2 protein chains.
Amino acid sequence: MPIHDPSWSAYAHAVLEDAGHRRGGARDEVIDLLAAQPCAVSAHDIEGALRQRGRPIGRASIYRALDTLAEHGLVKRLDLGRSEACYEPARSDGHHHHHVVCEMCGTLTAFDDPDLEDAIDRLGDRLGMRIDDHDVLLRGVCRNCGGPGPR
Amino acid sequence: MPIHDPSWSAYAHAVLEDAGHRRGGARDEVIDLLAAQPCAVSAHDIEGALRQRGRPIGRASIYRALDTLAEHGLVKRLDLGRSEACYEPARSDGHHHHHVVCEMCGTLTAFDDPDLEDAIDRLGDRLGMRIDDHDVLLRGVCRNCGGPGPR
DNA sequence: GCAAGACTAAGACTCAGTCTCATTACGCCC
DNA sequence: GGGCGTAATGAGACTGAGTCTTAGTCTTGC
Ligand SMILES: [Mn+2]
Ligand SMILES: [Mn+2]
Ligand SMILES: [Zn+2]
Ligand SMILES: [Zn+2]
């Protein structure tokens with residue numbers, strides 16, 4: 001994912017307009033900031049970044065924007081076991097990744113794994129339920145913190 | 001899992017004693033209550049159940065007990081996307097299940113799936129990290145709420 | 001039994017997230 | 001371009017799960 005993803009940004013604006021939403025400065029800023037994130041960020045991260053960018057946005061507006069985006073499947077809300085939730089853009093083609101969090105330093109690493117996705121897809125049938133979405137979160141020790149792997 | 005699992009309860013007490021913990025009424029009640037749960041419960045569920053049982057326990061003691069148990073791998077803390085976390089006993093042999101939550105009615109269903117576990121196990125190698133633990137949460141629509149499956 | 005210190009209860013406190021409501025401004029119609 | 005209905009916004013009060021503090025109680029080894 002490029003550091004700034006104008007395609008996601010444009011797509012998000014298109015979906016919202018299509019759904020009858022008006023345009024507003026606050027939500028536009030949130031969308032613009034999310035498009036520039038390589039990985040998940042918290043609402044407070046967003047608030048801080050926008051303030052630093054010289055465009056402070058009310059907390060309520062940030063949460064409202066995130067809710068609206070999530071309702072349209074444009075962002076994914078992540079519970080990473082921290083005190084606050086994180087959010088990241090969701091691609092229109094459904095391609096996505098999951099995360100490993102280091103138990104020592106808290107570093108978040110993204111990965112994606114087709115075998116895992118296949119296993120989850122097969123589960124829908126096995127359970128006789130329609131599965132719309134899934135979260136996977138691994139906890140471990142990253143290389144910096146002494147995990148295995150080529151030293 | 002039986003509705004009351006004395007083996008887990010005994011195991012938990014043994015582990016704690018072994019780790020040098022003294023015994024106390026509050027934590028004993030929490031352990032006893034957890035041992036009787038078929039699936040995950042929240043701290044508030046526990047508080048209410050113990051109050052109703054005629055043995056009200058301070059909120060801080062409940063959280064302290066849950067933290068202690070989690071530190072020793074005796075309970076698993078679950079973020080189910082609700083406002084509060086849930087907790088369930090963790091078996092000593094590592095056998096565990098994951099959950100599907102119904103987006104309509106909120107019902108929690110447990111499942112376990114060896115293929116999924118295998119895929120996750122293989123991931124450790126692929127990532128070059130030691131993976132200690134993992135969460136999987138599916139979201140979908142249960143049969144009662146109109147999901148697929150034999151009507 | 002006694003003492004050290006682990007455990008507990010009550011409630012003050014924190015802080016992510018929600019709600020309210022007065023104000024602003026988007027977008028459609030004329 | 002100007003007006004209007006209404007969606008979007010910001011400030012800050014509020015909620016509630018979870019944490020911290022502190023004074024008092026109970027376990028356990030001696
Ligand atoms: Mn996936
Ligand atoms: Mn598993
Ligand atoms: Zn690390
Ligand atoms: Zn349901």
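Within every chain, numbering begins at 1; the chains are lettered A, B, ... in the order of the sequence lines, protein sequences first and strands thereafter. Nothing here was measured: the structure is a model prediction, and the numbers come from that model.
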Student: For B:Glu71 and C:dA6, give me the distance from atom CD to atom P, rounded to whole Å.
Tutor: 14 Å

Student: Applying the 4.5 Å side-chain criterion to the ILVMFWY set and letting contacts propagate, would A:Leu138 and A:Leu80 be lumped into a single cluster?
Tutor: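 No, A:Leu138 does not connect to A:Leu80 through the hydrophobic network.
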
Student: Students often get this wrong, so: under 4.0 angstrom with heavy atoms, is A:Gly20 touching a base, only sugar-phosphate, or nothing?
Tutor: nothing

Student: Would a hydrophobic clustering, with Ile, Leu, Val, Met, Phe, Trp and Tyr connected at side-chain separations under 4.5 Å, put B:Val100 with B:Leu116?
Tutor: yes

Student: How close or far is atom P of D:dG10 from atom CZ of A:Arg27, stated in whole angstroms?
Tutor: 12 Å

Student: Without decimals, in angstroms, what is the distance between B:Asp28 CG and C:dT8 C1'?
Tutor: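 About 12 Å, once rounded to whole Å.
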
Student: Which whole-number value in Å describes the distance from A:Glu17 CD to D:dA8 C1'?
Tutor: 15 Å

Student: Without decimals, in angstroms, what is the distance between A:Leu80 CG and C:dA16 C1'?
Tutor: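 Distance, rounded to whole Å: 15 Å.
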
Student: Whole angstrom is fine here: how far is it from CG in A:Leu16 over to P in C:dC26?
Tutor: 16 Å

Student: Checking side chain to side chain contact (heavy atoms under 4.5 Å, CB included) against B:Glu29, which of B:Leu50, B:Leu34, B:Ile62 comes through?
Tutor: B:Leu50

Student: If you look at every heavy atom in B:Trp8 and B:Pro89, which pair is closest and at what distance?
Tutor: CE2-CB, 3.5 Å

Student: Considering every strand and a 4.0 Å limit on heavy-atom distances, what is the contact class for A:Arg55: base, sugar-phosphate, or nothing?
Tutor: sugar-phosphate

Student: Quick one: do A:Arg126 and B:Asp115 make a salt bridge, cutoff under 4.0 Å?
Tutor: no

Student: Testing the basics here: between B:Ala90 and B:Gly73, what is the closest heavy-atom pair and its distance to 0.1 Å?
Tutor: CB-O, 3.5 Å

Student: Would you call B:Arg53 and B:Asp32 a salt bridge, taking side-chain N to carboxylate O under 4.0 Å as the test?
Tutor: yes

Student: Nearest-nucleotide wise, let me know which of A:Gly25 and B:Ala26 is further upstream toward the 5' end of DNA chain C.
Tutor: B:Ala26

Student: Tell me, for nucleotides 11-20 of chain D in 5' to 3' order, what letter each nucleotide earns: B for a base near a protein heavy atom under 4.0 Å, S for only sugar-phosphate near one, - for neither?
Tutor: BBB---SBBB

Student: As a test of reading the structure: which of D:dT27, C:dG27, D:dT9 is closest to the side chain of A:Arg22, going by heavy atoms?
Tutor: C:dG27

Student: Write down the distance between CD (A:Glu29) and C1' (D:dG10), rounded to a whole number of angstrom.
Tutor: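 Roughly 14 Å, once rounded to whole Å.
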
Student: Taking only N and O in the side chain of A:Ser61, is any of them less than 4.0 Å away from OP1 or OP2 of D:dG10?
Tutor: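 For A:Ser61, the contact criterion (side-chain N or O under 4.0 Å from OP1 or OP2 of D:dG10) is met.
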
Student: Taking CD1 from B:Ile31 and C1' from C:dC7, how many angstroms apart are they, rounded to a whole number?
Tutor: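 Distance check: B:Ile31 CD1 to C:dC7 C1' gives 13 Å.
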
